[in-house]
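Reading through the structure tokens given below for one structure.
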Amino acid sequence: MQKFLFDINRDRELQELIRTVLPGVLDRYTLSAEERGALEAGDIGLIYVLGANGQLLMHYAAFLNMPWADYIAAMRAGVSRYGPVRAGVYAMTTRLDEKVTDI
């Protein structure tokens, strides 16, 4: 998934191709069914929870014409809906009902 997000951020030809044949482009990448579904749906919250790098995900959200405030809200909604981030540098170590005091 990270590779897809990296590639779409850098390759204008790929961006145009994705606009017309996203499923065919996704076939080029090794994705779980859940990752593929999240990318096809543009589900930023689930993509975040699955462990996407926030810098890459931010550009994908922009590619989807998602305003910044909606991007932030989508990540928060993803955690509420799907649970803590599962992998990657954003994996959460606290439960959702705990208050975070070390900021």
Side-chain angles (χ1 to χ4, degrees):
M1 184 171 60
Q2 306 289 13
K3 180 66 172 150
F4 168 82
L5 294 171
F6 178 85
D7 289 349
I8 192 173
N9 183 35
R10 305 224 184 281
D11 188 334
R12 293 210 186 270
E13 289 178 19
L14 185 63
Q15 292 171 6
E16 291 305 315
L17 191 57
I18 287 169
R19 293 184 200 285
T20 57
V21 289
L22 176 60
V25 172
L26 293 178
D27 288 342
R28 300 177 184 180
Y29 298 88
T30 303
L31 300 166
S32 70
E34 192 172 33
E35 290 170 334
R36 185 181 180 104
L39 291 168
E40 287 176 339
D43 188 338
I44 296 298
L46 180 54
I47 297 168
Y48 174 67
V49 166
L50 291 173
N53 176 288
Q55 291 291 324
L56 297 174
L57 185 56
M58 169 181 64
H59 291 287
Y60 187 57
F63 172 78
L64 297 175
N65 295 314
M66 180 177 281
W68 178 255
D70 293 349
Y71 165 69
I72 298 298
M75 290 191 304
R76 289 182 179 144
V79 171
S80 293
R81 182 173 182 188
Y82 303 111
V85 175
R86 301 176 195 168
V89 297
Y90 302 108
M92 296 178 177
T93 58
T94 58
R95 293 186 358 224
L96 292 176
D97 58 348
E98 291 178 341
K99 288 186 178 182
V100 177
T101 56
D102 294 347
I103 297 181

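Numbering starts at 1 and runs along the sequence shown. None of the values given here were measured: they were computed from a predicted structure.
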Q. Once you round to the nearest 0.5 Å, how far does CG of L46 lie from CE of M75?
A. 13.5 Å
Q: For the residue pair Y60 and L39, establish whether any side-chain heavy-atom pair is separated by less than 4.5 Å.
A: yes
Q: Scan residues 62-72 for pairs that pass side chain to side chain donor-acceptor pair (under 3.5 Å), counting only residues two or more places apart or in two chains.
A: none
(Q) Checking the side chain of Y82 only, and the main-chain atoms of L50 only, is there a donor and an acceptor separated by less than 3.5 Å? (A) no
**Q.** 4.5 Å side-chain heavy-atom contact, I44 and L64
**A.** yes
**Q.** CZ-CG distance between F4 and L22, expressed to the nearest 0.5 angstrom
**A.** 5.5 Å
**Q.** Q2 and Y29: CA distance, side-chain angles, deciding distance, side chain to side chain contact (heavy atoms under 4.5 Å, CB included) verdict
**A.** CA-CA 10 Å; Q2 306 289 13; Y29 298 88; over 6 Å; no
Q | Within 6.0 angstrom of R12 CZ, more than 12 heavy atoms from elsewhere | A | no
Q) Does any N or O in the side chain of R36 come within less than 3.5 Å of the main-chain N or O of P23, such that one atom is a donor and the other an acceptor? A) yes
**Q.** Gap between atom CG of L5 and atom NZ of K3 - 0.5 Å precision
**A.** 11.0 Å
(Q) Please give me the minimum heavy-atom distance between I8 and Q15, naming the atom from each residue. (A) O-NE2, 2.6 Å
Q. Looking only at heavy atoms, what is the nearest atom pair of V79 and V49, with distance?
A. N-CG2, 3.8 Å
Q: Taking all non-hydrogen atoms of both residues into account, name the closest pair between M58 and Q55 and its distance.
A: CE-OE1, 3.4 Å
**Q.** Residue of the set L31, L57, T30 for which side chain to side chain contact (heavy atoms under 4.5 Å, CB included) holds with M1
**A.** L31
